[in-house]
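Residue numbers start from 1 in every chain, and the chains themselves are labelled A, B, ... in the order their sequence lines are given, proteins ahead of strands.
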Protein chains: 2
Amino acid sequence: MDKSHVIDALHALAQETRLDVFRLLVKQGEAGMAAGDIAETLGVRQNTMSANLAVLARAGMVRSEREGRVIRYFADFDGMRGLLAFLMEDCCGGNPQLCQPVLDEIVCAC
Amino acid sequence: MDKSHVIDALHALAQETRLDVFRLLVKQGEAGMAAGDIAETLGVRQNTMSANLAVLARAGMVRSEREGRVIRYFADFDGMRGLLAFLMEDCCGGNPQLCQPVLDEIVCAC
DNA sequence: TCAATATATCAATAATTCTTGAATTATGGA
DNA sequence: TCCATAATTCAAGAATTATTGATATATTGA
């Protein structure tokens with residue numbers, strides 16, 4: 001992931017509704033969620049949500065699949081991976097003791 | 001780290017100059033770098049850089065120490081840790097196979 | 001083909017953010 | 001104390017972004 005792509009991803013997540021959407025979709029996992037259900041769940045109008053989903057999709061943080069009339073959205077774990085990898089890329093400028101605590105914190109609860 | 005704090009951190013990093021600053025300071029590690037040197041290194045005017053450093057500092061992504069006339073900035077690894085921990089918090093909504101590849105990618109090069 | 005449903009797009013306004021020149025504050029040295 | 005240096009703060013204009021009502025597109029079923 002290049003720098004401008006990373007900036008798009010950070011920008012997409014740096015807004016309350018979109019961060020909520022992303023985390024909701026992360027929780028939904030492989031089930032994903034229909035655009036309308038996302039809007040209703042988060043109490044956001046349909047077209048506002050559509051615009052926000054488009055921002056997340058352009059940034060590679062979510063992807064979508066049409067299912068008949070419904071468009072189902074999913075968190076894009078590849079995008080997430082690229083973002084975190086970039087942010088940690090140079091974490092060890094010769095001082096492992098600085099970055100190790102950061103890595104230790106990122107422990108999956110699964 | 002709570003949600004609004006996370007949004008501040010994401011917003012702070014979602015801009016080219018500030019992302020460059022953060023990564024520069026990550027590379028500098030414990031040495032940090034004087035505000036003026038950061039501005040000169042990145043080719044940004046001194047007051048523009050000051051404003052950007054203030055955004056990063058408010059977001060908890062950098063911290064500073066005065067050394068005589070100079071103010072030296074450092075990446076804040078605690079802030080970084082909080083941000084990444086929040087983003088990964090719910091990565092395992094019952095499907096470890098989704099999040100494991102994300103975690104595998106975040107491997108420190110040290 | 002027509003109506004209903006789900007979602008996206010458009011255009012306009014409101015709000016926020018970025019950059020910059022100018023002014024200000026803080027420190028150290030002569 | 002006065003000057004030079006390092007950095008911050010202020011105010012204003014330009015640019016970007018968010019939200020919304022209205023409209024358009026796509027799909028399904030009658």
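In terms of heavy-atom proximity, L25(A) sits nearest to A75(A) at CB-N, 3.6 Å. In this structure, M1(A) and V6(A) approach most closely via the heavy-atom pair SD-CG2, 3.6 Å. Pairing each heavy atom of F74(A) with each of E30(A), the nearest pair is CE2-O, 3.2 Å. In plain terms, the two heavy atoms of R18(B) and N52(B) that are nearest each other are NH1-OD1, 3.0 Å. Closest approach of V62(A) and L53(A) over heavy atoms only: CG2-O, 4.0 Å.
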Using atom types as modelled, flag every donor-acceptor pair under 3.5 Å from a side chain in residues 31-41 of chain B to any protein atom, sequence neighbours excluded.
unit_1	atom_1	unit_2	atom_2	d
T41(B)	OG1	D37(B)	O	2.7

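When the C1' atom of dT25(D) is taken as reference, atom CD1 of I71(A) falls 10 Å away, rounded to whole Å. Rounding to whole angstrom units, CE of residue M49(B) and C1' of dC18(C) are separated by 13 Å. Between the CD atom of Q46(A) and the P atom of dT20(D) there is a distance of 12 Å, given to the nearest Å.
Looking at residues two or more places apart in sequence or on another chain, you find a side chain to side chain contact (heavy atoms under 4.5 Å, CB included) between S64(A) and I71(A), Y73(A). Applying the side chain to side chain contact (heavy atoms under 4.5 Å, CB included) criterion to A9(A), with sequence neighbours excluded, gives M61(A), L83(A). By the salt bridge (charged side-chain N to carboxylate O under 4.0 Å, His left out) test, E16(A) is found to be paired with K3(B), residues two or more places apart in sequence or in another chain being considered.
For S50(B), the listed nucleotide lying nearest its side chain is dT9(D); candidates were dT9(D), dT19(C), dT7(C).
The salt bridge (charged side-chain N to carboxylate O under 4.0 Å, His left out) contacts involving residues 43-63 of chain B comprise R63(B)-E65(B), where partners must be two or more places apart or lie in separate chains.
In this structure, R18(B) reaches the sugar-phosphate backbone alone: every heavy-atom distance under 4.0 Å involves primed, P, OP1 or OP2 atoms, never a base.
For dG21(D), one of the phosphate oxygens OP1 or OP2 lies less than 4.0 angstrom from a side-chain nitrogen or oxygen of R45(A). For dA6(C), the OP1/OP2 oxygens have no side-chain nitrogen or oxygen of Y73(A) closer than 4.0 Å.
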Protein and nucleotides 10-15 of chain C: nitrogen or oxygen contacts under 3.5 angstrom:
none

Restricting both atoms to N or O, compile the protein contacts to nucleotides 27-30 of chain D shorter than 3.5 Å, with distance only.
unit_1	atom_1	unit_2	atom_2	d
dT28(D)	O2	R69(A)	NH1	3.2

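A cation-pi arrangement is present between R23(B) and F86(A), with the terminal nitrogen or guanidinium carbon under 6.0 Å from the aromatic centre and inside a 45° cone about the axis.
Scanning residues 52-65 of chain B for heavy-atom distances under 4.0 Å to DNA chain D yields an empty list. Of the residues in residues 4-15 of chain A, none lies under 4.0 Å from DNA chain C by heavy-atom distance.
For the pair I7(B) and L13(A), the minimum side-chain heavy-atom distance is 4.5 Å or more.
One hydrophobic cluster holds both L24(A) and L56(A) under the rule that ILVMFWY side chains link at heavy-atom gaps under 4.5 Å.
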